[in-house]
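Notes follow once the structure below has been shown.
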Amino acid sequence: MEFSYLDELNEVQREAVVQTEGPVMIVAGPGSGKTRVLTYRIAHLIKAGIADPFNILALTFTNKAAASMRERIEKIAGIEARSLWMGTFHAVFARILRYEADKIGYPSNFTIYDTQDSRNVIKQIVEEQQLNDKLYKANFVHNKISSAKNSLISPHEYLNDPILMNEDASNGRAKLGMVYEMYNRKCFMSGAMDFDDLLVKTYELFDKHPETLYKYQHKFKYVLIDEYQDTNYTQYMIVRRLADAHQNICVVGDDAQSIYSFRGANIQNILNFEKDYPDLKVFKLEQNYRSTKVIVNAANEIIVNNKKQLPKTIWTENNGGDKIKVVKTPSDNEEGRFVADAINEQKMRHHFHNSDFAILYRTNAQSRAFEESLRRLNITYRVYGGISFYQRKEIKDFIAYLKLIVNPKDEEALRRIINYPARGIGQTSMEKLTVMAAEKNIPLWDAMEQVRFADVNMRAQSLIGDFRTMIKSFRVLMETQNAYDISLHVAKSTGILKELHNDKTPEGVSRYENLQELLTGIKEFTDSDVVEAEKTNQDKSLAAYLQDITLLTDADDDKADKDTVSLMTIHSAKGLEFPCVFVVGLEEELFPNAMSLESRDDLEEERRLFYVAITRAKDKLWLCYAATRFRFGNLFYCQPSRFIEEIKEENLHFIGHQSKKDKENFISNNTMEKRTNLIRHTSQPAAHRPAKDFTPDDTSNILSGMEIEHERFGFGKILQVEGGPDNRIALIFFKDLGQKKIMLKFARIRIVQGTVEL
DNA sequence: TCATAGCTACTTTTT
DNA sequence: GTAGCTATGA
């Protein structure tokens, strides 16, 4: 039978695979074989001769998802599946943009700025414009710009939007729109695009060049999108246009697993998809093949509490399984110990491997307690997330050289390395050059050429000349040498390698090893599959290498073959599964997080996150919470998460709860008493005593970012202000008490000038 | 020019 | 608790 792979699917799955024409939405619950359907669908398009691989566009959110699907498709459809256009939104669009760069005024070797680069550019602008860097924090400003880009709001539109402008002005950030505009200009001048630009510029390309849009519309006869619930407005607009000619668009997703709204993901994209395409065919994959009945039931019990969702109920033929264990521990450290002990015990009793376990938490900072207790028991583990290899300073520094060689206009790269290793080009000279570049409206690199016209001392002038000559000499090598040879030459001739080698501190040694590892990585890149590369005309240039690594993330470098316990945030666990899962830190204000308690939408997203967390488990699931926890160096008393209560008691088994009431309410009178005792006996700071002349200010002037003194709670900083004029509520971080919410109407607060010792 | 103490900020983050 | 950045002094 030619299409025998279809026999490996259940009925709905099979229908979803063979319905190749027209708009299709596949709503896929957790563990329902979503990836299988998507890969088989693509394989079917090819095998049944419906489409040529190069006429198929498949978009994913991670490189990993793209790679694993490609592999699975090749297994069914064979090697010709290689010419499939499959990759992340960013990688695929970057590829298109390199072809079409000249149409939008970019060089085809444009640099891609990662988040850190973007923030550095913003810092530079804030400094140049002499704006208050407390108000215009790079992080904050970047998030604002990013969300504007995710909604296709250009700087021009931003500056002309009275609502946005008013909002910024009332927050004391009237210049935000201007910073956005300058940021875009600086990136353009640097021949650089940030992550969001890869989407925005693609949209603009199609918008301004109908003939280009037409070309790609007819190239991509079949468009498929994975994790559709995570697309933002810009992605949605691009995809709609691309699929406009043939209308063969297939989206796969699960609204219940939409957990990236803070990154601009718009759940409405999936909820409204039916309105966009009235003749849409919808397939619901509701049978779960992953988890026990207990876990599937619990998942349903949780998610019904959300109002905004596509109606569906997941079910399973799997057995009932163990009850979900709800574990209360006295502290965060004991939570760590409990989990490590439990892993040990499970391994002894049921012959599990380390890799069968995952510890999932809300925030990265929670990993520490688990790392310590796992190390104590000699259980190997791997922490996912955090700073990736390519984010390390020594790696970024070195890569800045490579970036500058490929694209000398890249100002961010230039600034990073102009004086690294130290070569006597100091701040003063750079400031003067910056001013000149701004006046003449030319890239910094070009300004360096004309340094003789700037008021820079002779010594610095000649050093700058030397630097330019050196970079130019590296550029010459690009013509003849591969990425590895150039890199090695740069590492040696700049003295970076020697400098790191001479540093014998443990950190220095590790930095040296990291650079070595990077060089090895580059060698692997240039050497890999040389024959294959030549056949398929694969690019092994320095530029190609750089693009590869900027679009790579921590989750992609796969050392998964090791037998280790996985520690990660729930966000990074999406799409994965483990026989045994510990969801930890299930406490009010942590999970659901304090930042998400105010709006229904935010709380629903936290609930979806919890839904994602528990549906990672195949067999055994633990839900843990601690009665006390250190956060930001302060002791906090915790209430168990409301989400635990949403699961029916018949599916739960309580551990570490003293009384029946403790079980029912999760907090007994007994613990209430203990809590007050603890407060009394721990070293709580003495009550704040304000100065004698303490006079409260008018609280209506208070803005987030300000440092204040509260008559009773002491010094603190305003994190957030919200509510109308009559009921403004401030979230304040107090030096001695941690976070508190305060009604400003009644508060006696003094605004502190300058900085405060927090 | 470089090293270091001290100050500050910290939800999540597929790219 | 901790990492990263800034101001400071040698």
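Every value quoted in this text rests on a predicted model; they were computed, and no experiment measured them. Each chain gets a letter, A, B and so on, in the order its sequence line appears, and its residues count up from 1.
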Using ring centroids (six-membered ring only for Trp), state whether [Y] and [X] fall under 6.0 Å.
X       : Y       : value
F262(A) : H571(A) : yes
F630(A) : F636(A) : no
F188(A) : Y106(A) : yes

What integer number of Å spans the P atoms of dT13(B) and dG4(C)?
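One P to the other, the span is 16 Å.
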Rounded to whole angstroms, how far apart are [atom1] on [X] and [atom2] on [N]?
X       : N       : atom1 : atom2 : result
R119(A) : dC10(B) : CZ    : P     : 10 Å
I259(A) : dT13(B) : CD1   : P     : 9 Å
H90(A)  : dT13(B) : NE2   : P     : 16 Å
Q257(A) : dT14(B) : CD    : C1'   : 14 Å
M595(A) : dT11(B) : CE    : P     : 5 Å
Q124(A) : dC5(C)  : CD    : C1'   : 16 Å
M430(A) : dT1(B)  : CE    : P     : 13 Å
F636(A) : dC10(B) : CZ    : P     : 15 Å

Determine the interplanar angle of the F643(A) and F591(A) rings, folded into 0 to 90°, and report it as parallel if under 30°, tilted if 30 to 60°, perpendicular if over 60°.
perpendicular
Do S118(A) and T115(A) have a side chain donor and acceptor closer than 3.5 Å?
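The answer is no; no qualifying pair exists.
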5' precedence on DNA chain B between K574(A) and K137(A) (nearest-nucleotide basis)
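Residue closer to the 5' terminus by nearest nucleotide: K137(A).
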Taking for each residue the nucleotide of DNA chain B with the nearest heavy atom, is it T115(A) or F262(A) whose nucleotide lies nearer the 5' end?
F262(A)
Between [X] and [N], is there a contact of a side-chain N or O with OP1 or OP2 at under 4.0 Å?
X       : N       : value
N143(A) : dT13(B) : no
T569(A) : dT13(B) : yes
N139(A) : dA9(B)  : no

Given dC5(C), dT11(B), dT13(B), identify the nucleotide with an atom nearest to the side chain of K123(A).
dC5(C)
Heavy atoms from C-beta onward define the side chain here; which of dC5(C), dT14(B), dG1(C) lies closest to that of R368(A)?
dG1(C)
Tell me what Y260(A) touches on the nucleic acid: a base, only sugar-phosphate, or nothing, going by heavy atoms under 4.0 Å.
base
Just to be sure I understand the rule, does G575(A) reach a base, reach only the sugar-phosphate, or reach nothing, if contact means heavy atoms closer than 4.0 Å?
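Counting heavy atoms under 4.0 Å across all strands, no contact is made by G575(A).
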base_contact_polar (dT11(B) base, R362(A) side chain, donor-acceptor, <3.5 Å)
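For R362(A), whose side chain was compared with the base of dT11(B), there is no donor-acceptor pair (under 3.5 Å).
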